[in-house]
Participant: 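Attaching a single structure in structure tokens format; questions to follow.
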Amino acid sequence: MDISIGSNQLRNTNGIFVAQDQDLIKVEQKAEDGSILLSMALYNPAGSQVAKLERNEWASNDQDRFELRAEPASVTVIDNTLKGVVFLVKRNEENGIQVPQAKFYLPGGTVSEVTAEHWHVGNKMELKDADIDLLGGAIEIQ
């Protein structure tokens, strides 16, 4: 699967985002209709897990902090407490996957932010205009 994250092209991924040796996010497409399915562990700024989304269904969502908006061509997770988009994933014109906007916390509290220009993770990682072939592997968030 090819995933565009901000201005970056990550080709031949398995759709899994790994942080600190944990599967944090998984993006899938249904074979039947291409609908997007999102699985994601959600953390607060202190780095504690506060919700878990599994294939567009809440496994846990303490006090309904997060809202899910799922359509066949896109999935958006919104943080009702911090009032912002946590993760937006959608199909693009080439039938690939695009993450044009995201702002979420990793285990430990580091923030990962995606904008149209770049993908920035804390003070450790910034990708801008990268084109990387992951050879079928996971996307590692450092």
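In this text the structure is predicted, and so the values were computed from the model without any measurement. Just so it is clear, the values below take in all heavy atoms, side chains as well, and ignore hydrogens, waters and symmetry mates.
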Participant: Give the cluster check for Val99 versus Leu127: same hydrophobic cluster or not, with ILVMFWY residues linked at side-chain heavy-atom distances below 4.5 Å.
Facilitator: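 Same hydrophobic cluster.
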
Participant: Start with the C-alpha distance between Val86 and Met40, add both sets of side-chain angles, then the distance that settles side chain to side chain contact (heavy atoms under 4.5 Å, CB included), and finish with yes or no.
Facilitator: CA-CA 10 Å; Val86 175; Met40 182 174 190; 3.9 Å; yes

Participant: Is any side-chain heavy atom of Phe87 closer than 4.5 Å to one of Leu53?
Facilitator: no

Participant: Out of curiosity, does Ile78 fall in the hydrophobic cluster containing Val75 (side-chain heavy atoms, cut-off under 4.5 Å, transitive links)?
Facilitator: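 Val75 and Ile78: separate clusters.
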
Participant: Any side-chain heavy-atom pair from Asp2 and Asn12 closer than 4.5 angstrom?
Facilitator: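 The answer is yes, as the side chains (C-beta and beyond) meet within the 4.5 Å cut-off.
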
Participant: Using side chain to side chain contact (heavy atoms under 4.5 Å, CB included), reason through Leu24 and Tyr43 one step at a time and then give a plain yes or no.
Facilitator: CA-CA 10 Å; Leu24 186 66; Tyr43 294 83; 3.3 Å; yes

Participant: Tell me, with the steps shown, if Asn44 and Arg65 meet side chain to side chain contact (heavy atoms under 4.5 Å, CB included).
Facilitator: CA-CA 10 Å; Asn44 64 17; Arg65 175 176 174 166; 3.7 Å; yes

Participant: Please give me the minimum heavy-atom distance between Gln29 and Gly34, naming the atom from each residue.
Facilitator: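 Heavy-atom minimum between the residues: NE2-O, 3.1 Å.
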
Participant: Starting from Leu10, can I reach Val121 by hopping between I/L/V/M/F/W/Y residues whose side chains sit under 4.5 Å apart?
Facilitator: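 Hydrophobic grouping puts Val121 with Leu10.
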
Participant: Could you walk me through whether Arg11 and Asp131 satisfy the side chain to side chain contact (heavy atoms under 4.5 Å, CB included) test, starting with their C-alpha distance in whole Å, then the side-chain angles of each, then the deciding distance to 0.1 Å, before giving a yes or no?
Facilitator: CA-CA 8 Å; Arg11 294 178 283 106; Asp131 188 344; 2.7 Å; yes

Participant: If you draw a 6.0 Å radius around NZ in Lys52, do more than 12 non-hydrogen atoms from other residues or ligands fall strictly inside?
Facilitator: yes

Participant: Do Phe17 and Leu106 come close enough that some side-chain heavy atom pair is under 4.5 Å?
Facilitator: no

Participant: Tell me the closest heavy-atom pair linking Asp33 and Lys30, and the distance in Å.
Facilitator: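 The pair with the smallest heavy-atom distance is OD1-CB, 3.4 Å.
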
Participant: Is the backbone N or O of Gln98 less than 3.5 Å from a side-chain atom of Asn92, with the two atoms forming a donor-acceptor pair by type?
Facilitator: no

Participant: Does Asp79 use its side chain to pair, donor to acceptor, with the backbone of Phe66 at less than 3.5 Å?
Facilitator: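 Between the backbone of Phe66 and the side chain of Asp79 there is no qualifying donor-acceptor contact (under 3.5 Å).
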
Participant: Give, for atom CG of Leu38 and atom CG of Leu68, the distance between the pair rounded to the nearest 0.5 Å.
Facilitator: 7.5 Å

Participant: At their closest point, which heavy atom of His118 faces which heavy atom of Lys128, and how far apart are they?
Facilitator: CB-CB, 4.3 Å

Participant: Main chain of Ser74, side chain of Arg69: is a donor-acceptor contact present, judged purely on distance under 3.5 Å?
Facilitator: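 Looks like no, no N/O pair under 3.5 Å.
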
Participant: For residues Ile3 and Ile5, report the shortest heavy-atom separation together with the two atoms involved.
Facilitator: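 Minimum heavy-atom contact is CG2-CG1, 3.7 Å.
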
Participant: Whether the side chain of Thr76 engages the backbone of Leu88 through a donor-acceptor N/O pair (distance < 3.5 Å, no angle test) should be reported.
Facilitator: no

Participant: Which distance, rounded to the nearest 0.5 Å, do you find between the NE2 of His120 and the OG1 of Thr110?
Facilitator: 11.0 Å

Participant: Starting from Val85, can I reach Val89 by hopping between I/L/V/M/F/W/Y residues whose side chains sit under 4.5 Å apart?
Facilitator: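 No, Val89 does not connect to Val85 through the hydrophobic network.
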
Participant: Same hydrophobic cluster for Ile25 and Leu134, using side-chain heavy-atom links shorter than 4.5 Å among ILVMFWY?
Facilitator: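 Yes: a chain of side-chain contacts under 4.5 Å links Ile25 to Leu134.
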
Participant: What are the two closest heavy atoms between Ile36 and Asn56, and how far apart are they?
Facilitator: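 Scanning both residues completely, I find the closest heavy atoms to be O-ND2, 3.0 Å.
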
Participant: Distance from Glu113 atom CD to Glu126 atom CD, nearest 0.5 Å?
Facilitator: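 The CD atom of Glu113 sits 10.5 Å away from the CD atom of Glu126.
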
Participant: Would you compute the distance between atom CD of Glu54 and atom NZ of Lys26 and round it to the nearest 0.5 angstrom?
Facilitator: 11.0 Å

Participant: Kindly give the heavy-atom pair with the smallest separation between Pro107 and Gln20, and that separation in Å.
Facilitator: O-NE2, 2.8 Å

Participant: Closer than 3.5 angstrom, by distance alone: can the side chain of Ser112 be matched with the main-chain N or O of Phe104 as a donor-acceptor pair?
Facilitator: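 No; zero donor-acceptor contacts below 3.5 Å.
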
Participant: In Å, rounded to the nearest 0.5 Å, how long is the span from CD1 of Ile16 to CD1 of Ile139?
Facilitator: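 Spacing of CD1 (Ile16) from CD1 (Ile139) equals 9.5 Å.
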
Participant: Mark yes or no for whether Ser7, through its side chain, and Glu117, through its backbone, hold a donor-acceptor pair below 3.5 Å.
Facilitator: yes

Participant: With distance as the sole test, does Asp23 use its side chain to make a donor-acceptor pair with the main-chain N or O of Val18 at under 3.5 Å?
Facilitator: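 Pair absent, no side-chain N/O of Asp23 close to backbone of Val18.
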
Participant: Rounded at 0.5 Å granularity, tell me how far CG in Asp64 sits from CH2 in Trp58.
Facilitator: 9.0 Å

Participant: For Gln22, look at atom CD and say whether over 12 heavy atoms of other residues, nucleotides or ligands are found less than 6.0 Å away.
Facilitator: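 Atom CD in Gln22 is packed in, count exceeds 12.
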
